[in-house]
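Just so you know, ligand 1 is whichever comes first in the structure, and atom 1 is the first atom listed for that ligand. Keep in mind that what you see is a predicted model, and the values were worked out from it rather than measured.
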Amino acid sequence: MQPSRDSSRDPGGPKSDVVATAERSKSDVIATVETPKFVPVPGVPPRCGHLFVLGAGVVGAEVLAQATSLPPIERGPALDLKVVGVARRRGGAYDVRGFDRAAVAHIVSERRATAGSDEVAPSTNAIDFPARSTQLEALARLSDPVLVDCTAADGMEAVYEEALLRGIHVVTANKKALVARRDLTDRIFAAAAKTGRSFRYEATVGAGLPVIGTLQGLVRTGDRVKSIECALSGTLGYIANELSKGVPLSVAVATAKSLGYTEPDPREDLAGTDVARKAVILARELGIPLELEHVTLTPFVPQEALDAPDLEAALVGYDATFAARMAELRTRGERLVYLARISVEGTRAAYRCEVKVGPVAVPQDHPAATLDGPTALVAFTTERYGSSPLVVRGAGAGGAVTASAVLSDVFLTLSGAPVSSRGARGVAASS
Ligand SMILES: NC(=O)C1=CN([C@@H]2O[C@H](COP(=O)(O)OP(=O)(O)OC[C@H]3O[C@@H](n4cnc5c(N)ncnc54)[C@H](O)[C@@H]3O)[C@@H](O)[C@H]2O)C=CC1
Ligand SMILES: N[C@@H](CC=O)C(=O)O
């Protein structure tokens with residue numbers, strides 16, 4: 001029998017919920033549950049997480065803005081956030097007292113005023129964090145320190161490992177360390193396990209959508225994932241939709257960038273690399289030792305355009321080709337979507353995993369054909385979700401949604417929620 005909520009004692013509006021069974025007398029009341037509510041105790045400040053944010057671009061700027069304008073705490077646990085550090089490609093700032101909204105707004109406006117000027121070869125640059133050890137050491141001395149990576153920098157595995165070993169939690173929106181060579185990525189998880197610190201990365205797949213947490217829940221509870229089908233590029237979803245409305249390719253790409261959907265280097269979206277990274281992250285959650293080069297990848301635009309020194313000019317050269325392709329799809333009643341499919345067959349001891357990423361023409365009644373704007377969709381087919389897959393759907397790119405996933409990870413970290421031991425049971429829970 002379900003517990004029933006007995007509010008009969010206080011018809012004017014209960015301050016507490018009484019959990020009881022209908023058959024029992026009042027003396028059998030089994031528990032009194034206070035509505036969880038944070039009541040500030042005078043003189044006792046809430047627990048405070050100290051954030052060091054790397055990157056103040058589309059995502060980082062939103063993280064900074066959201067973290068410094070949090071709504072008042074009405075429900076527990078009482079957690080406050082303080083931004084004590086911001087590092088960007090061209091320097092940064094650190095103040096143990098924390099930056100307020102005005103200081104953060106200044107950092108963000110500085111970014112906007114100089115937009116583009118510090119984005120030289122953003123996808124190939126290792127992070128310039130010169131006083132890294134000193135900064136991390138200072139951060140580690142604060143209570144509940146969290147390093148938040150909102151860059152697209154390479155080589156962050158070493159930074160995360162060092163931070164975790166120093167006792168600093170790590171939250172990242174940057175996919176790159178998660179798809180580095182497996183032995184390097186494993187070192188991050190090993191460092192987290194060794195120090196009991198948390199490493200979270202929900203924003204790396206599906207931006208603000210609960211994709212990683214959902215998959216970890218399936219794996220942790222012993223379900224067996226058979227396939228994951230997904231439209232995981234907000235950028236390519238948006239571009240394909242614009243193309244279907246008759247917008248030229250070059251214009252659609254430029255607009256996607258201006259809306260904050262693309263990677264710092266849009267080539268990574270157009271090449272399919274960004275989606276391939278997300279697929280590798282998901283496959284690794286299943287315990288599959290996949291590397292990026294194992295993904296069968298077809299780019300969204302021809303390789304020649306991606307190789308051109310001036311991408312924008314090269315894309316203009318393909319406007320007519322894409323317009324013709326879209327016209328042809330329209331006459332066939334089909335839509336262009338960019339999909340990833342991860343399929344797993346066999347048992348834990350002997351399995352076969354295939355990962356394919358590329359453009360597909362789908363009929364109008366295909367679930368991905370109904371996606372609009374930068375909407376993403378992930379469908380998990382598992383032993384338990386056999387005939388009706390578990391579907392996660394919603395905006396799959398953009399600063400605001402991504403930042404909220406980053407901050408949710410920060411709050412989960414500070415609330416002490418356990419982190420899944422990655423891929424512990426993954427490949428085939430039942431053999
Ligand atoms: N924009 C989106 O919708 C989403 C983005 N992400 C990820 O979030 C990260 C940031 O993306 P955006 O904010 O869109 O990019 P962005 O280009 O707007 O911002 C990147 C920021 O990181 C800084 N940065 C880059 N490389 C650096 C380096 N080597 N050293 C120091 N600072 C460096 C830049 O100065 C800039 O402030 C990327 O890894 C991206 O894949 C994840 C989910 C969604
Ligand atoms: N460029 C990415 C952003 C999120 O990861 C996308 O378009 O999906």
Do ligand 1 and [X] have nitrogen or oxygen atoms that lie under 3.5 Å from each other?
X      : answer
Ala203 : no
Asp274 : no
Lys175 : yes
Gly55  : no
Ala207 : no
Ala87  : no
Gly398 : yes
Gly399 : no

How far apart are the C-alpha atoms of Val316 and Asp319, what are their side-chain angles, what is the distance that settles it, and do they pass the side-chain contact (heavy atoms from CB on, under 4.5 Å) test? CA-CA 5 Å; Val316 173; Asp319 283 346; 4.1 Å; yes
What are the atoms of ligand 1, with element, lying closer than 4.0 Å to any heavy atom of [X]?
X      : value
Arg88  : 31 (C), 32 (N)
Gly260 : 1 (N), 2 (C), 3 (O)
Thr402 : 2 (C), 3 (O), 4 (C), 42 (C), 43 (C), 44 (C)
Ala397 : 3 (O)
Ala152 : 38 (C), 39 (O)

Side chain or backbone of Lys176 under 4.0 Å from ligand 1, or both, or neither, by non-hydrogen atoms? neither
Contacts table for ligand 2: protein N or O within a distance under 3.5 Å of ligand N or O, distances only.
| residue | atom | partner | partner atom | Å |
| --- | --- | --- | --- | --- |
| ligand 2 | 1 (N) | Tyr261 | O | 2.8 |
| ligand 2 | 1 (N) | Glu263 | N | 3.4 |
| ligand 2 | 1 (N) | Glu263 | OE2 | 2.8 |
| ligand 2 | 1 (N) | Asp269 | OD1 | 2.7 |
| ligand 2 | 5 (O) | Lys175 | NZ | 3.0 |
| ligand 2 | 5 (O) | Lys278 | NZ | 3.0 |
| ligand 2 | 7 (O) | Gly234 | N | 3.3 |
| ligand 2 | 7 (O) | Thr235 | N | 2.8 |
| ligand 2 | 7 (O) | Thr235 | OG1 | 2.6 |
| ligand 2 | 7 (O) | Tyr261 | O | 3.0 |
| ligand 2 | 8 (O) | Gly234 | N | 2.9 |
| ligand 2 | 8 (O) | Lys278 | NZ | 2.8 |

Look at [atom] and find which of [options] reaches it with the closest heavy atom.
atom                    : options                        : result
atom 42 (C) of ligand 1 : Ala173, Ala177, Ala56, Pro374  : Ala173
atom 9 (C) of ligand 1  : Asp154, Asn174, Thr151         : Thr151
atom 10 (C) of ligand 1 : Ala256, Ala405, Gly208, Cys150 : Cys150
atom 21 (C) of ligand 1 : Gly57, Ala400, Ala153          : Gly57

Verify side-chain contact (heavy atoms from CB on, under 4.5 Å) between Thr375 and Arg393, making sure each step is shown before the conclusion. CA-CA 7 Å; Thr375 307; Arg393 175 189 166 131; 4.0 Å; yes
Keeping to residues at least two apart or across chains, list the side chain to side chain donor-acceptor pair (under 3.5 Å) pairs with something in residues 157-166. Arg132-Glu162, Ser133-Glu162, Asp149-Tyr160, Tyr160-Thr172, Glu161-Arg187, Glu162-Arg166
Residue list, ring-ring contact (aromatic ring centres under 6.0 Å, His included) with Phe322, at least two apart or on another chain: Phe300
Would you indicate whether Glu312, at its atom CD, is surrounded by more than 12 heavy atoms from other residues, nucleotides or ligands within a distance under 6.0 Å? no
Dump the intermediate steps for side-chain contact (heavy atoms from CB on, under 4.5 Å) on Phe99 and His106, then the final yes or no. CA-CA 10 Å; Phe99 297 110; His106 179 68; over 6 Å; no
May I have all residue pairs that pass ring-ring contact (aromatic ring centres under 6.0 Å, His included) and include part of residues 374-407, sequence neighbours excluded? none
